[in-house]
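Take a look at the structure set out below.
We use all heavy atoms of the structure for the numbers below, so side chains are in, but hydrogens, waters and symmetry mates are not. Just so we're clear, the structure is a prediction, and the values are computed from it rather than from any experiment. Just so we're on the same page: letters track the sequence lines, and every chain starts at 1.
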Amino acid sequence: MDYNFKEIEAYWQKEWEDKKVFRATQNDKCEKFYCLEMLPYPSGVLHMGHVRNYSLGDVLTRYYIMKGRNVLHPMGWDSFGMPAENAAIKNKIHPAKWTKQNIAQMRAQLKSLGFAYDWEREIATSDPHYYKWNQWFFIKMWEQGLVFRKKANVNWCPTCQTVLANEQVSEGVCWRCKNPTQHKELEQWFIKITDYSDKLLDGLKELEGKWPPQVISMQKNWIGKSVGAEVDFEVVAGGGKKDALKIFTTRPDTLFGVTFMVVAPEHPIIKKFKNEIKNFDELEKYIKKAASKTNIERSQAKEKTGVKIEGLSAINPANSKEIPIFAADYVLTDYGTGAIMAVPGHDQRDWDFAKAFNAPIIEVIKGENSSVAEAAFEGDGKLVNSNQFNGLATDEGIKEVIRWIEKEGFGKRTINYKFRDWLISRQRYWGTPIPMVHCKKCGTLPVNLEDLPIVLPEDVEFTGEGESPLKKNSAFVNTKCPKCGAPAKRETDTMDTFVDSSWYFLRYTDAHNDKEPFKKSAANFWMSVDQYIGGIEHACMHLIYSRFWYKFLHDLKLVKNDEPFINLLTQGMVTLGGVAMSKSRGNIVSPDEIISKYGADTARLFILFAAPPQKQLEWSADGVEGSWRFLNRVWRLVEVIDTLSDVKADQKEVDFQKENLLRLMHKTIKKVSADIETKLQFNTAISSIMELVNALYSYKFHVRDGGVSKEVYKNVLLLMAPFSPHLCEQVWKNLGYEGFISKGAWPEFDEKMIKDKIVEIPVQINAKVRGKILIPQGAGHEEVKKLALENERIQSYIEGKEIIKFIYIENKIVTLVIR
RNA sequence: GGGCGGAUGGCGGAACUGGCAGACGCACAGGACUUAAAAUCCUGAGGUUCGCAAGAACCGUGAGGGUUCGAUUCCCUCUCCGCCCACCA
C-alpha cells in the first residue's frame, strides 16, 4: 500500500506550526546561519520556479538546523508593482485587496509544501510599516546628497504609462508588458549610485569563489570601468571660430592613427556651429532619422551610416594634422563624451566606417604578421608611425602617451564607467510615495521624519488612462510646506520596486520594529546572509541595487559588514519541452496538481533530483513518478528490516555483509554532507541515498545483525529529512524515535569505517585495462607490483615482453608500460 | 560585435586534484508473484564485430590536433547551442 501522504503532510505541517519548530531566536548558544531565497512577487499562483527556489533553500535550512546551527529562514512578499495596478484597471479591484488575496493564496501554497519558514517574520513591502522605511532611507540619502532630480530623456512605455530604467528595457520593449517603448523627457528622481561604482567593483573581490563567476563578471561588465584618456581636439570652422572636442579613449597609444572624428548625431557641437556648417540641412535630416531609430535598430545596422560635417574640421593634437568630422549613429551620445577619435587601423567599427566613406587608414600598431589592409588590427603590438613613441609596446605606449598629453596640456588620464545613475521615480500608484514636497517659496524638500509614513491614499480611481491616479487625489496632493507652512504640493511619483527589495533582508532580522527600520543589534547578529538563492536574471539589477543599499547603510554605520550576501546560488529555469514554462506557451505544470497527486515530498524530491541547481531543469512526469516510487520504497523498508531472509548463511558471512553495509552507510553520510554543504549538489546527494536504500533491499540479515540494519535505516531517514521531511517525520515517529526528526542530530561519519580492508583496483597495460587485483588497504609499492605480476591474466599479456615502466597510484590504479 | 557558460547512451544526468566513462533515476526488455492486469520484487543493457555460451576484440564523452604511461578533465584550432550585454571608443 502506498503511504498516505495527504494525512501525513497535513499532520506534520500543523505540528511544526503549533510547536513553533522553525522560529528563529537571537541567541549565542550556537553559530547563526541566515538562509534566504529571493522574495516572490505575489502574482497569485506559485509556479515551479518558486518550488525549485524554495526547495533548494529549504534543504539548506533543514540541514543546518540538524547540524545544530541557529538558522534564520524567513519569507515575505515583494508586493508593490504594476500587475496589481493592471488588475485594478481590468477587474475594478483595488490593488491592496488584490495583493492581499494573492498573498493569502500563495502563503497557503507555500505552507502545503512544508517549507521551514519562520512565519512570524513575514513581511509585505506594500505594508506602510515596511515602506515607511523606504521613505526614511530616501530622506537619509537626500541628506547625504545621493538623491537628485534631473530632466532626462527616459524610456517611456506608452502602454504602462510609466518610465522604465535602462535595465528594464530589453530589445526595445518593456520588460513586463513586452510592448515597444519610446523616448520622452521628464523631470525625474535619481539615486546617485555611480558614487559607489568603485566600492561595488572592489566588493566583488570579496565575493570571488562564493558567487558564481558569471555573476561576478556580469556585474563587472555592467559597471564597465575603463581606464583611458580624455583628449581635447581643436575644432576649426569658417570665420576663424574655434572650439574643443573632447573625446574619451581606452587606446591613447593609437593617437597618431586618428584620421577623422565622429560625433553622435545628438552632439551639441552641431547646433553650436549651425551657421558655419555648410550642409546643415542634410545633417538635420540624418539627426531626425537617427532619433526615430531605437537603440536596437542603431546597433543592429550592418552598414555604417553617417554624414560628413562640411565646414568643420579638427586638428589632431599629436601631429597637428587637419582631419574631417562626421556625425554617425554608431557613436552613442550617453557613453563617454558622445564623440570619438576614429582610428580605422585599430578599431573595426572605425575601419568599416573609413571604408564606407573613403577615409585613410594608418597603421600605428604593428603586431606579429599584422596588417590593416583587410581588417582593423585590435591586438597588442609595437607602436609605429608615432614619432617619439615608435617601438614601444602597447601597454608602455598607453602610459607614455598619457604622460605626454598631460605634459602638453591637451588631455589627461581618466576613468570611464558604463554604469548610470539609478532612475527611481515611477508615475504610478502602487508603490512607495516619494516623501517630498514642492513649495513655491522653499523649493523641493523632504517631509519631516516624524510625519512618515506618507501613506498611499486608498480612495483613488483606476481608469488606466493618463497619468498616475495619485495626481488626481487632491487630499493627497495638497499639503503644507514642512519648512514655511505655506500651501504646497506633494510629489506624486512613487518609487521603483527595486527599492523595496534592496533592503528587505534586513527587515527580517527585526520585522516588527516601529521605531527604526531594524535594530542595529539584530541586523548585526544575523547579517550577512550566509546563503542567498535566486534566479540568474537578477544578476545585475537586484543584486547591484542591494549591494549598493547595503554599502550606503554601512556608511551610515547602521550595519557592520559591507556586503549583504556572502554565498550566492543562482538556480536554472524549469522548462517543459526545452522552453521555460509560461502562460503564453501554455506549458505550465501546476505545483498544486503535483502536490495533490503525489504530495509535497515527491514534488520537492523530484525537483531537487532531476538536475543540478544551477542548470536548467526539464520537467518530466515520468521522473516525478520515479521519485514517488522511491519514497514508497523508503516507506516500505519498515517491513523489509523485520524480514528474516537468509537463514542458511553462517556468522562469518553475516559479519562480512554487515560490515559492508555499515561502510556504505558511513560513505553515504560523508557524501551527502559534502554535497549539501560545500557543493550544493543535491541531485547527487539524493542518488547516493538511493544507493544506500538499494543496499538495504539487497541485504539479507536484518534480524541477525544485532540491529545494524535498523541503525542504517535510521540514518537513511536522517539523511533524507531535509529533502522529504514529512515522510521522514512520520517514519521516525512510527519507529519510536523521540522528538522531531527536523530537529534531530545530523549523523556523523567515521573515517575509519569508510576505508575498505581490501581494495580492488584495475591493472592497465599500455593504457588498456587488462585485469583487476585485490590489494590490502595501504599496501606498499613492491607488494602491489608483486600482486599485479602474479595475476594470471596479466601474465598472459606481459609474457615475452619487456616492462619499461610500473606506475602505482595509491588505491586507484596500476599501470604497466610494456614493449 | 563583446562577455560568460555548455556539448557525455533512447532521455535527465554522474565521474575527487589527470587514474576502471556512463553512478543514480527515467524509458526499455526479460523473469518472479497474480486467473489476469496494475503495483511490487529480482535481473539485463553504450556501440560494433566475433562466439552456442562463458566471454573476447575494437570503437566511444561535439570535430580535429597536442601534452602524458594515461585526457570527459589540461593546451591549441574549429563547429554548434544557451544566457547576459550590445556599435562602450
**Report entry** Base-contact (B) and sugar-phosphate-only (S) positions in nucleotides 4-15 of chain B, heavy-atom cut-off under 4.0 Å, - elsewhere
**Finding:** S-------SSSS

Requested in this report: Could you encode protein contacts along nucleotides 68-78 of chain B as a string, one character per nucleotide from 5' to 3', using B for base contact, S for sugar-phosphate-only contact and - for no contact, with a heavy-atom cut-off of under 4.0 Å?
Outcome: -BS--------

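Of the candidates A:R251, A:M341, A:E378, A:D347 forms a side chain to side chain contact (heavy atoms under 4.5 Å, CB included) with just one, namely A:E378.
In this model, the phosphate group of B:C24 is not approached by any side-chain N or O of A:R629 to a distance below 4.0 Å at OP1 or OP2. One finds no side-chain N or O of A:Y330 lying less than 4.0 angstrom from the OP1 or OP2 phosphate oxygen of B:A86.
Partners of A:F806 by ring-ring contact (aromatic ring centres under 6.0 Å, His included), not counting sequence neighbours, listed by chain and number: A:H781. Residues satisfying the ring-ring contact (aromatic ring centres under 6.0 Å, His included) criterion with A:F326, sequence neighbours excluded, are A:F260, A:F353, A:F357.
No side-chain heavy atom of A:V227 sits less than 4.5 Å from a side-chain heavy atom of A:T250. A:R52 places none of its side-chain heavy atoms less than 4.5 Å from the side chain of A:M573. Using a 4.5 Å heavy-atom cutoff, the side chains of A:P344 and A:T259 are in contact. The shortest distance between side-chain heavy atoms of A:L605 and A:Y598 does not fall below 4.5 Å. The shortest side-chain heavy-atom distance between A:I544 and A:I193 falls under the 4.5 Å cut-off. Contact check for A:N715 versus A:F749: no side-chain heavy atoms found under the 4.5 Å cut-off.
Remark on RNA chain B: of its neighbouring residues A:I686 and A:I340, the 5'-side contact belongs to A:I686, judged by nearest-heavy-atom nucleotide. Comparing A:R793 and A:I761 by the nucleotide of RNA chain B that holds the closest heavy atom to each, the one mapping nearer the 5' end is A:I761.
Comparing the P positions of B:G64 and B:A14 gives a spacing of 25 Å, expressed to the nearest Å. For B:U61 and B:C41, the P atoms lie 36 Å apart once the distance is rounded to whole Å. Taking atom P in both B:U67 and B:U49, one finds a spacing of 34 Å when rounded to whole Å. Rounded to a whole angstrom, the distance from the P atom of B:G22 to that of B:U79 is 33 Å. Nucleotides B:G82 and B:A29 place their P atoms 34 Å apart, quoted to the nearest Å. Remark: the separation of the C1' atoms in B:A45 and B:G10 is 12 Å, to the nearest Å. Nucleotides B:A7 and B:U17, compared at atom C1', are 24 Å apart to the nearest Å. Annotation: B:C20 and B:A71 have their C1' atoms spaced 14 Å apart (nearest Å).
Distance from the side chain of A:L332 is smallest to B:C87 among B:C87, B:C24, B:C20. Of the candidate nucleotides B:C24, B:C20, B:C58, B:C58 has the atom nearest to the side chain of A:R770. Comparing atom distances between the A:K304 side chain and each of B:C87, B:C59, B:A89 picks out B:C87 as nearest. Considering only the side chain of A:W222, B:C85 comes nearest among B:C85, B:C87, B:C26.
One atom, CD of A:E625, and another, P of B:C28, lie 12 Å apart when rounded to the nearest Å. To the nearest angstrom, C1' of B:U40 lies 14 Å from CH2 of A:W628. A straight line from CZ of A:R420 to P of B:C85 spans 13 Å, rounded to a whole angstrom. With rounding to whole Å, A:K667 atom NZ is found 16 Å from B:C16 atom P. Atom NZ of A:K700 and atom C1' of B:C41 are 11 Å apart (whole Å). The distance from atom CG of A:D675 to atom C1' of B:C16 is 11 Å, rounded to the nearest whole Å. If you measure from atom CZ of A:R633 to atom C1' of B:G25, you get 12 Å, rounded to the nearest angstrom. In this entry the distance linking NZ of A:K772 with P of B:G19 reads 16 Å, nearest Å.
Contact annotation for A:Y797: backbone-only contact, meaning every heavy-atom pair under 4.0 Å involves sugar-phosphate atoms and none involves a base.
B:G9 has its base syn relative to the sugar, with a glycosidic angle deviating from 0 by at most 90°.
Not a single donor-acceptor pair, N or O on each side, falls under 3.5 Å between the base of B:C20 and the side chain of A:K812.
Between A:W628 and A:F606, the ring center distance fails the sub-6.0 Å criterion.
Applying the salt bridge (charged side-chain N to carboxylate O under 4.0 Å, His left out) definition to pairs two or more places apart or across chains, none involves residues 623-633 of chain A.
Taking CD1 of A:I775 as the reference point, atom CD of A:E760 lies at 10.5 Å (rounded to 0.5 Å). Note: A:T815 OG1 to A:I813 CD1 = 4.5 Å, rounded to the nearest 0.5 Å. Taken from NE2 in A:H538 to CE in A:M38, the straight-line distance is 5.5 Å, to the nearest 0.5 Å.
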Requested in this report: Both distances under 3.5 Å, Watson-Crick or G-U wobble: on that basis, could you give the dot-bracket string for RNA chain B, with [ ] for crossing pairs and | for other-strand partners?
Outcome: (((((((..(((......[....))).(((((.......))))).(((((....)))))..(((((..]....))))))))))))....

